[in-house]
Number of protein chains: 2
Amino acid sequence: MGRPPDRGSDSADRRRLDHGLLPSLLGYVLQRAQTSVFADFSATFARAGEAVTPGEFGLLVLVDRNAGISQTRLAGALGIDRSTLVPILDRLQDRGLLARNRSPTDGRTHALALTAAGRKALARFSRLVRGHEKRVASGLSADETRTLIALLDKVHRAARSL
Amino acid sequence: MGRPPDRGSDSADRRRLDHGLLPSLLGYVLQRAQTSVFADFSATFARAGEAVTPGEFGLLVLVDRNAGISQTRLAGALGIDRSTLVPILDRLQDRGLLARNRSPTDGRTHALALTAAGRKALARFSRLVRGHEKRVASGLSADETRTLIALLDKVHRAARSL
DNA sequence: TATTGTTATACTCTATAACTATA
DNA sequence: TATAGTTATAGAGTATAACAATA
């Protein structure tokens with residue numbers, strides 16, 4: 001007796017799906033790679049007991065390297081609306097990582113900066129990110145990694161100017 | 001007179017930002033490339049008067065190639081929770097592109113399928129996607145495109161198994 | 001008048017937990 | 001009991017429109 005060796009249609013139904021043309025589409029493979037890389041980013045930080053998203057990490061790096069930047073300019077660099085940035089900064093500020101200082105030259109703008117705690121946290125985060133990078137690039141040679149980054153940059157530039 | 005040729009610090013402040021280590025991080029360049037590719041996808045469809053997201057297109061392809069698939073299995077293939085899928089299918093169904101048919105073998109599951117209108121729409125969408133792909137890959141040679149897709153697939157597989 | 005940051009509002013994507021119908 | 005689909009709910013990310021303070 002027993003089920004046929006090629007597998008019956010049990011409830012879980014583990015048969016491979018037909019993905020059609022999707023695996024040949026740049027947008028699709030891009031998104032798939034990105035999702036798994038972000039998942040490892042999250043797992044890396046969760047294991048270390050830190051709660052930071054890739055977006056928050058990028059924001060912290062930008063503010064660290066461009067102290068005094070305004071919210072509107074930072075939003076522009078991140079490619080989001082300035083109203084979208086407000087609750088994100090609120091959270092980082094509530095966590096004591098970032099300060100909205102008054103600009104000495106323009107009463108309308110905030111001069112963003114990391115706090116001392118923010119700089120210490122960013123150093124910690126950067127160490128975690130280095131390990132994460134090593135892991136996600138572990139399937140590639142150093143040469144392949146360079147090639148991949150260069151090609152992605154080309155795509156970015158080409159697609160941006162459409 | 002006029003402003004100094006190297007640009008003063010006017011309100012918009014167009015000086016290049018310092019991106020620190022970000023451009024050397026796989027996750028960052030991945031996300032940047034993906035954002036610009038998705039932007040061209042949206043622009044392509046908007047120009048043609050169609051309203052479809054990359055996610056909806058992928059879902060339609062999957063249902064087209066795997067007619068009769070259940071919601072739970074489709075959610076698994078998309079990497080989302082089955083409850084997340086419900087409003088997405090609602091919209092596609094409201095637009096007349098997709099049907100939730102009764103399964104003849106299991107009263108609990110829906111056998112998903114494209115409607116005739118859905119198949120016609122998908123053919124239209126696929127034509128648009130072909131043009132979109134050509135455009136976003138226009139900065140790369142055919143060889144580079146193949147290499148990029150292969151490397152992204154490697155990253156996906158490596159990162160998935162961490 | 002124009003710009004900056006903010007708020008109010010809305011929509012999408014995402015998840016968890018609990019419900020219902022079926023198995 | 002277990003599974004499929006659904007609902008209720010909540011959080012994050014996104015945007016637009018309008019407002020107060022400042023330029």
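Fair warning: this is a prediction, and the values are worked out from it, not measured in the lab. Chain letters run A, B, ... following the sequence lines, proteins first and then strands; every chain starts at 1.
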Full working for side-chain contact (heavy atoms from CB on, under 4.5 Å) between Ile88(B) and Arg91(B): CA-CA 5 Å; Ile88(B) 300 172; Arg91(B) 246 176 300 138; 3.9 Å; yes

Residue-phosphate contact under 4.0 Å: Gln71(B) side-chain N/O, dT3(D) OP1/OP2: no

Any Thr72(A) side-chain N or O less than 4.0 Å from OP1/OP2 of dG5(C): yes

Close residues, residues 78-104 of chain A, relative to DNA chain C [heavy-atom separation under 4.0 Å]: Arg82(A), Ser83(A), Val86(A), Arg100(A)

Could you go over nucleotides 21-23 of chain D and give all protein N or O partners under 3.5 Å, atom names and distances?
unit_1, atom_1, unit_2, atom_2, d
dA23(D), OP1, Gly107(A), N, 2.6

Smallest separation among heavy atoms of Phe57(A) and Val52(A), with atom names: N-CG1, 3.8 Å

Heavy-atom closest pair, residues Gly96(B) and Ala117(B): O-CB, 3.8 Å

NZ/NE/NH1/NH2 to OD/OE distance under 4.0 Å, Asp90(B) and Arg100(B): yes

Nearest heavy-atom neighbours spanning Leu140(B) and Glu144(B): CA-OE1, 3.3 Å

Result block: side-chain N/O donor-acceptor pairs under 3.5 angstrom for residues 21-31 of chain A, not counting sequence neighbours:
unit_1, atom_1, unit_2, atom_2, d
Ser24(A), OG, Leu21(A), O, 2.7
Tyr28(A), OH, His19(A), ND1, 3.0
Gln31(A), OE1, Gln34(B), NE2, 2.9

Rounded distance (Å) that lies between atom C1' of dA15(D) and atom CZ of Phe38(B): 18 Å

Arg119(B) bridged to Asp64(B) by N-O distance under 4.0 Å: no

Integer-rounded Å distance: dA12(D) P and Leu59(A) CG: 15 Å

Basic-acidic side-chain contact under 4.0 Å: Asp153(A), Arg32(B): yes

